[in-house]
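Before any comments, here is the structure.
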Amino acid sequence: MASSGITADAKKNKRTFWKRNADKVPGSIKPVYGAKHPPSEAMIQASLGNVDQGKNRNKRTDSFTDFDNSTVDAWDDKEDDLMLMGLSVDEKLPQVNETTEDVNQHHVAVSAVSSTSDQKDVQPPSPVSPGVGGPGVGIRQTVVREPPKPIAPIRIPNMPLPDREVTKLHKFGQLLSGPNTDLEELRKVSWSGIPNAVRPSAWKILLGYLPTNIERRQITLERKRAEYFGFIDQYFETRHELTHKDTYRQIHIDIPRTNPLMPLFHQPKVHEIFERILYIWAIRHPASGYVQGMNDLVTPFFVVFLSEYVDDTGTTLDNFDLSKLEEEKLGFIEADSFWCLSKLLDGIQDNYTFAQPGIQLKVTALRELVRRIDARLHNHLEKQNVEYLQFAFRWMNNLLMREIPLKCTIRLWDTYMSEGDGFANFHLYVCAALLVRFSERTQAQRDFHGILLFLQNLPTKDWGNEQIGMMVAEAYRWKFMFADAPKHLNTLKN
């Protein structure tokens, strides 16, 4: 009697355990959606279909069979395959023969049509336009979807490239044209330099201006560009007000000094673009406002994004006439330059707040780093009473833009953007590598004025990618050696 009672209780508990619950079913997997991973339209249609089937759910009996049907185990697949393989060959043979005959007839028909229409162009069926309705056609097409296209097509330069550059360009093309760009992989391949043809798109993604998902890039561009010109309509007219006229006046004075040896920046149209970019940024960042030197930081972005709309026919951008470019494209260049400048300055904004404490700390760190790397050079500067702030302030404030040619700055920024914190931290080691590179020639200067004159006019006008590559490699070596040492930048006792 006791055993029968236990059996009855066990059966009751078993039925209770396998009681079907629409919200919690063991073994079922429910997707979790969010802002970054919205449900696909196929999932939405499936969920709508489940609503219609909700009426029939109550008719199902609660049993282990329902649970078993709602889950799929890895070993069940093999059993199903064995069962299918066990079907009789005689049952399948008529179906195979019938299918083979249909295929043969289709090929004969296609061959006959192609032989009689050699001079006619066979056009593929055109896809149904999403905006055009018709019998049996919905307003929104979700079944047939065109593959996503990259925002900026990759232009292969007309000039011959070495095999290594072609391979690198192909690698970038695969990364940027895929549905989701691998950001870490993009940083790895960008560290040693980005090809000119893909640099505009790569910079926008590395800075976080554009998303890694290719389908969201065009929407993001349109929204951010419209937002920037909304700022212009809202704020630019205030430049003549008493509160802001000093800011605008300083911007207006500094812009003609930007790259004075490059005719591109002498054009009034460029001055107007730079004025709007810098004034809008200053108005939206009152903690720092505009600081002299920011005008230089716009130029790499402007030149890189300008190259996106100029045909690569061997013509340099130094003398490019902006009047040849459409106003719409100039607007794109201006807006993109503004947002990328904002991304850059957000990471080093303490360089431009009151008393510029970020620069003060970096110059002090440079002094202690050089003392450990090159003691002879450091002692020579100390002996001649040369303060690091007297020559390195400009290096930090302008990110070496006054020390190396613009093309070298663009190449250097490829590495900075690949480092993640390159503008804030890696730049320190680049400055140390630059100073140590000219250590012997600096020590050859025997007085205070000679040293400062040399360090403020370094002989780098003929530099190219090779010299920048060597300098960033040396900077990476110093970073690898000292970045993890907790006291390597602390003040040492003499």
Side-chain angles (χ1 to χ4, degrees), residues 150-159 194-204 209-210 218 221-240 248-283 290 294-342 344 401-402 405-410 413:
I151 298 304
I154 299 174
R155 299 182 292 108
I156 305 298
N158 295 332
M159 63 184 65
I194 303 174
N196 295 333
V198 296
R199 183 176 279 121
S201 298
W203 275 21
K204 293 171 188 176
Y209 173 44
L210 287 185
Q218 186 61 37
L221 279 177
E222 294 174 357
R223 175 172 57 85
K224 299 299 286 186
R225 288 166 177 172
E227 186 177 356
Y228 168 70
F229 287 106
F231 292 153
I232 291 179
D233 295 338
Q234 183 178 0
Y235 298 118
F236 195 62
E237 291 299 326
T238 64
R239 65 188 184 278
H240 299 301
Y248 177 74
R249 176 178 174 275
Q250 189 61 54
I251 293 172
H252 189 73
I253 292 174
D254 289 346
I255 286 178
R257 304 171 181 171
T258 305
N259 281 281
L261 301 180
M262 195 169 179
L264 172 67
F265 296 102
H266 296 172
Q267 302 178 47
K269 179 68 70 175
V270 176
H271 292 180
E272 295 172 5
I273 291 174
F274 277 42
E275 284 179 0
R276 289 191 292 266
I277 291 175
L278 293 171
Y279 181 77
I280 296 300
W281 190 91
I283 291 298
Y290 173 78
M294 289 183 178
N295 55 306
D296 288 334
L297 304 183
V298 186
T299 55
F301 294 120
F302 183 81
V303 171
V304 169
F305 298 149
L306 174 62
S307 67
E308 191 174 6
Y309 301 99
V310 177
D311 294 333
D312 191 357
T313 57
T315 303
T316 62
L317 296 177
D318 295 5
N319 301 302
F320 182 77
D321 186 2
L322 288 185
S323 62
K324 299 179 181 179
L325 206 60
E326 300 174 6
E327 287 294 330
E328 182 183 25
K329 294 180 179 179
L330 282 175
F332 294 162
I333 296 169
E334 179 178 345
D336 294 345
S337 299
F338 169 80
W339 287 115
C340 288
L341 174 70
S342 299
L344 186 156
M401 289 201 58
R402 298 290 180 94
L406 180 58
K407 62 179 181 180
C408 294
T409 298
I410 292 174
W413 283 20

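Model, not experiment: these values are computed from the prediction.
Remark: Arg402 engages Asp296 in a salt bridge (charged side-chain N to carboxylate O under 4.0 Å, His left out) (not counting sequence neighbours). With sequence neighbours left out, Arg199 forms a side-chain hydrogen bond (donor to acceptor under 3.5 Å, both in side chains) with Asn196, Asp414.
Within the 4.5 Å cutoff, the side chain of Ile333 has no heavy atoms near those of the Phe301 side chain. Counting heavy atoms from C-beta on, the side chains of Leu325 and Leu306 come closer than 4.5 Å. Side-chain contact between Thr238 and Tyr279 is present, with at least one heavy-atom pair separated by less than 4.5 Å. Phe338 has its side chain out of reach of Ile232: every pair of non-hydrogen atoms, C-beta onward, lies at least 4.5 Å apart. Put simply, the side chain of Phe236 does not reach to within 4.5 Å of the side chain of Ile283, judged on heavy atoms.
Each salt bridge (charged side-chain N to carboxylate O under 4.0 Å, His left out) pair with one or both residues in residues 259-272, not counting sequence neighbours, appears once here: Lys269-Glu327. Every pair passing salt bridge (charged side-chain N to carboxylate O under 4.0 Å, His left out) that includes a residue from residues 331-342 is listed here, sequence neighbours excluded: Lys204-Asp336, Arg225-Asp336, Arg276-Glu334. Applying the salt bridge (charged side-chain N to carboxylate O under 4.0 Å, His left out) definition to pairs two or more places apart or across chains, those involving residues 226-239 are Lys224-Glu227.
Here the rule is side chain to side chain contact (heavy atoms under 4.5 Å, CB included) with Leu297, and of Leu278, Thr409, Leu341 only Leu341 fits it.
Under 3.5 Å, the side chains of Tyr209 and Ser342 contain no donor-acceptor pair of N or O atoms. Inspection of the Glu326 and Tyr309 side chains reveals no N or O donor paired with an N or O acceptor under 3.5 Å.
Residues Phe302 and Phe274 place their aromatic rings such that the two centres sit under 6.0 Å apart.
Other residues, nucleotides and ligands place no more than 12 heavy atoms under 6.0 Å from the NE2 atom of His252.
The pair Asp321-Lys324 fails the salt-bridge criterion, with no side-chain N (NZ, NE, NH1 or NH2) lying under 4.0 Å from an Asp/Glu carboxylate O.
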Pairs of donor and acceptor atoms involving the side chains of residues 258-266, under 3.5 Å and at least two apart or interchain, shall be tabulated with distances.
unit_1, atom_1, unit_2, atom_2, d
Thr258, OG1, Ile255, O, 3.0
Thr258, OG1, Asn295, ND2, 2.8
His266, NE2, Pro260, O, 2.7

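Of all non-hydrogen atoms in Ser337 and Phe305, the two that sit nearest each other are OG-CD1, 3.6 Å. Pro300 and Leu406 make their closest contact through CG-CD1, 4.2 Å (heavy atoms, listed as atom of the first residue, atom of the second, distance).
For the atom pair Ile251 CD1 and His271 NE2, the distance stands at 13.5 Å (nearest 0.5 Å). Taking CD1 of Ile410 as the reference point, atom OG of Ser307 lies at 7.5 Å (rounded to 0.5 Å).
Judged by distance alone, the side chain of Gln267 and the main-chain N or O of Phe320 form a donor-acceptor pair under 3.5 Å.
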Next item on the list: Would you check, one step at a time, whether the test ring pair (Phe, Tyr, Trp, His ring centres under 6.0 Å) holds for Tyr235 with Trp281?
Entry: CA-CA 10 Å; Tyr235 298 118; Trp281 190 91; over 10 Å; no
